[in-house]
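Structure, as C-alpha cells:
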Amino acid sequence: MRGLNGKVAIVTGGARSIGAAVVREFMLEGASVTIADILVEEGAALAAKLGDKVHFAPTDLRSDEQLQICVDQTVEKFGRIDFLINAAATYHDKGFDSSRADWTFTFDVNLFGGVVLFQKAYPYLAQSGAAAVVNFSSESAHAAQAKRWVYPCTKSAIEELTRSQALDVAKDNIRVNAVIPGWTWSTPIQKAHDQDPDFVNGLAAQFHMNGRIGTAEEVARAVLFLCSTDASLITGSMLPVDGGHAALGPQGTLELSPPQ
Ligand SMILES: NC(=O)c1ccc[n+]([C@@H]2O[C@H](COP(=O)([O-])OP(=O)(O)OC[C@H]3O[C@@H](n4cnc5c(N)ncnc54)[C@H](O)[C@@H]3O)[C@@H](O)[C@H]2O)c1
C-alpha cells in the first residue's frame with residue numbers, strides 16, 4: 001500500500017489480537033509502531049520479537065499522564081507521528097445491572113482514552129502532511145444485543161465522534177475514519193469458541209455472508225488501507241470489514257423461500 005513506508009503509528013490495544021495484527025502489518029509495510037497497551041508482558045514480548053521498529057509503551061488509556069508519555073516516547077524514538085489507531089477496548093458490560101462506575105469505566109477506556117491520545121498526538125499528526133486516525137467501531141453499534149447496554153453505546157459514540165473529528169481536522173490534512181469489524185478471531189472470540197466450537201461456528205456461518213469468522217489480519221489490512229494514500233479521499237467514513245455481516249438483516253443467511 002502506498003504512503004506507509006517510513007511512517008510512524010501508535011496502535012492502542014496493540015499487544016494482542018486485532019491490534020497486534022495491525023502492528024505486524026505496519027511493520028511489513030516499512031512503518032515504525034508504538035504499541036500502547038496495559039498488557040505489559042505481552043506488549044514487551046511482541047515489541048522484542050518484532051525488533052527496532054516496534055516500541056512498547058505501557059499505557060493505560062485512563063491515564064492522561066501515561067498517554068502523554070506514550071506520545072513523548074514515540075516522538076523521541078521515531079521522530080514523528082503519522083497514524084493513530086484506536087484498537088483498544090474493554091468488553092466490560094453488565095447490561096441492565098451496569099452501575100455508574102461500570103458505565104464510566106467502559107466509556108473511559110473505549111472512548112475518552114482515544115480522544116485524549118488524539119489531543120496529545122495532534123501537533124505531530126498536523127505536521128505529517130498525510131496523517132490518518134482509525135477508530136474501531138463494531139457491528140454491536142447498530143442493533144440490540146441481549147444483556148449488553150454499555151459496550152455497544154461506546155461503539156455508537158465512536159462513529160459520531162469519528163464524523164466530528166474528521167470535520168475538525170480536515171484542514172490539517174488529517175483523515176479520520178472507523179472500521180466496523182464483524183466477528184473476528186481475537187481473545188474473546190477464541191474463548192467463546194473454546195467453550196463451544198460448533199455453536200460459535202454455526203452462528204458465524206449464519207451471520208456473515210461469507211460464512212466464517214474474519215481473521216485479525218483481514219481487519220488489519222483494511223486499517224492500513226485507510227491510513228495509506230490510496231485512501232486519500234476517504235474521511236469521516238465507517239468501513240464495514242465483516243464478511244457481509246452489516247448487509248444482512250435479522251434473517252441472516254437463512255433461505256426462506258415462499259412455497260411455489
Ligand atoms: N473481535 C471481534 O469480533 C470484534 C468485533 C467488532 C469490533 N471489535 C473491536 O476490535 C478492537 C480489538 O478487539 P479485540 O477483539 O482484538 O479485543 P482484545 O480484548 O483481544 O484486545 C483489546 C486490547 O485492548 C487492550 N486494552 C484494554 N483496556 C485497555 C486500557 N485501559 N488501556 C490500554 N489498552 C487496553 C487490551 O489489553 C487488549 O490488548 C476493539 O476495539 C473491539 O471493540 C472486535
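Atoms within each ligand, like the ligands themselves, are counted from 1 in listed order. What you are looking at is a predicted structure, and each value in this text was computed from that prediction instead of being measured. The first residue of the sequence shown is numbered 1, and numbering continues consecutively from there.
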Subject >> Identity and separation of the nearest protein heavy atom to atom 16 (O) of ligand 1 >> reply: S17 CB, 3.0 Å

Subject >> Non-hydrogen atom of T12 closer than 4.0 Å to ligand 1 >> reply: no

Subject >> Taking atom 43 (O) of ligand 1 as the reference point, the nearest protein heavy atom with its distance >> reply: Y151 OH, 2.5 Å

Subject >> Residue portion contacting ligand 1 (non-hydrogen atoms closer than 4.0 Å) for Y91 >> reply: side chain

**OP:** Would you mind listing which atoms of ligand 1 come within a distance below 4.0 Å of any non-hydrogen atom of W183?
**Re:** 3 (O)

Subject >> R16 and E42 ion-paired at < 4.0 Å >> reply: no

**OP:** Give a yes/no verdict on whether any heavy atom in S137 is under 4.0 Å from an atom of ligand 1.
**Re:** yes

**OP:** Provide, to 0.1 Å, the distance between atom 3 (O) of ligand 1 and the closest protein heavy atom, together with that atom's residue and name.
**Re:** T184 N, 2.9 Å

Original post:
Rounded to the nearest 0.5 Å, how far apart are SG of C153 and CD1 of I158?
Top reply: 11.5 Å

Subject >> Under 4.0 Å to a heavy atom of T59 - the qualifying atoms of ligand 1, by number >> reply: 32 (N), 33 (C)

**OP:** Report yes if the side chains of Q73 and H55 come closer than 4.5 Å at any heavy-atom pair, otherwise no.
**Re:** yes

**OP:** With atom 38 (C) of ligand 1 as the reference point, say which of D37, I189, V109 has the nearest heavy atom.
**Re:** D37

Original post:
If we only count heavy atoms from C-beta on, is the E159 to I180 side-chain gap below 4.5 Å?
Top reply: yes

Original post:
To the nearest 0.1 Å, how far is atom 9 (C) of ligand 1 from its closest protein heavy atom, and which atom is that?
Top reply: F136 CD2, 3.8 Å

Original post:
Which residue holds the protein heavy atom closest to atom 35 (C) of ligand 1, what is that atom called, and what is the gap in Å?
Top reply: I38 CG1, 3.6 Å

Original post:
Tell me: protein heavy atom nearest atom 22 (C) of ligand 1, and distance?
Top reply: A89 O, 3.8 Å

Original post:
Tell me: protein heavy atom nearest atom 19 (O) of ligand 1, and distance?
Top reply: R16 NH2, 2.8 Å

Subject >> Protein residue, atom and distance nearest to atom 23 (C) of ligand 1, heavy-atom basis >> reply: G13 CA, 3.7 Å

Original post:
Any side-chain heavy atom of V11 sitting closer than 4.5 Å to one from T34?
Top reply: no

**OP:** Indicate, as side chain, backbone, both or neither, the part of A87 found under 4.0 angstrom from ligand 1 when only non-hydrogen atoms are considered.
**Re:** backbone

Subject >> Verdict with supporting geometry, R62 and D108, salt bridge (Lys or Arg N to Asp or Glu O under 4.0 Å) >> reply: CA-CA 6 Å; R62 295 169 299 161; D108 210 0; 5.3 Å; no

Original post:
Taking C-beta and beyond as the side chain, do F56 and V40 meet within less than 4.5 Å on heavy atoms?
Top reply: yes

Subject >> Short N-O contact, R212 and E218, less than 4.0 angstrom >> reply: yes

**OP:** Please say whether L61 places an N or O atom under 3.5 Å from an N or O atom belonging to ligand 1.
**Re:** yes

Original post:
Are any non-hydrogen side-chain atoms of V134 and F83 less than 4.5 angstrom apart?
Top reply: no

Original post:
Strictly under 4.0 Å, does any heavy atom of G182 approach an atom of ligand 1?
Top reply: yes

Subject >> Proximal ligand 1 atoms for L39, defined as those under 4.0 Å from one of its heavy atoms >> reply: 37 (O), 39 (O)

**OP:** Please indicate whether any nitrogen or oxygen in T187 is less than 3.5 Å from any nitrogen or oxygen in ligand 1.
**Re:** yes

Subject >> Presence of salt bridge, E139 and K155, under 4.0 angstrom >> reply: no

**OP:** Could you tell me whether ligand 1 has any atom less than 4.0 Å away from a heavy atom of D60?
**Re:** yes

Subject >> Region of E42 that comes within reach of ligand 1 [heavy atoms, distance under 4.0 Å] >> reply: neither

Subject >> Atom indices of ligand 1, in the order listed, that fall short of 4.0 Å to a heavy atom of S138 >> reply: 6 (C), 7 (C)

**OP:** State, with a plain yes or no, whether a side-chain heavy atom of I189 is found less than 4.5 Å away from one of T184.
**Re:** no

Original post:
Would a distance-only check, ignoring hydrogens and angles, find a side-chain to backbone donor-acceptor pair under 3.5 Å from D82 to S128?
Top reply: no

Original post:
Quick one: are C227 and I85 in side-chain contact, heavy atoms under 4.5 Å?
Top reply: yes

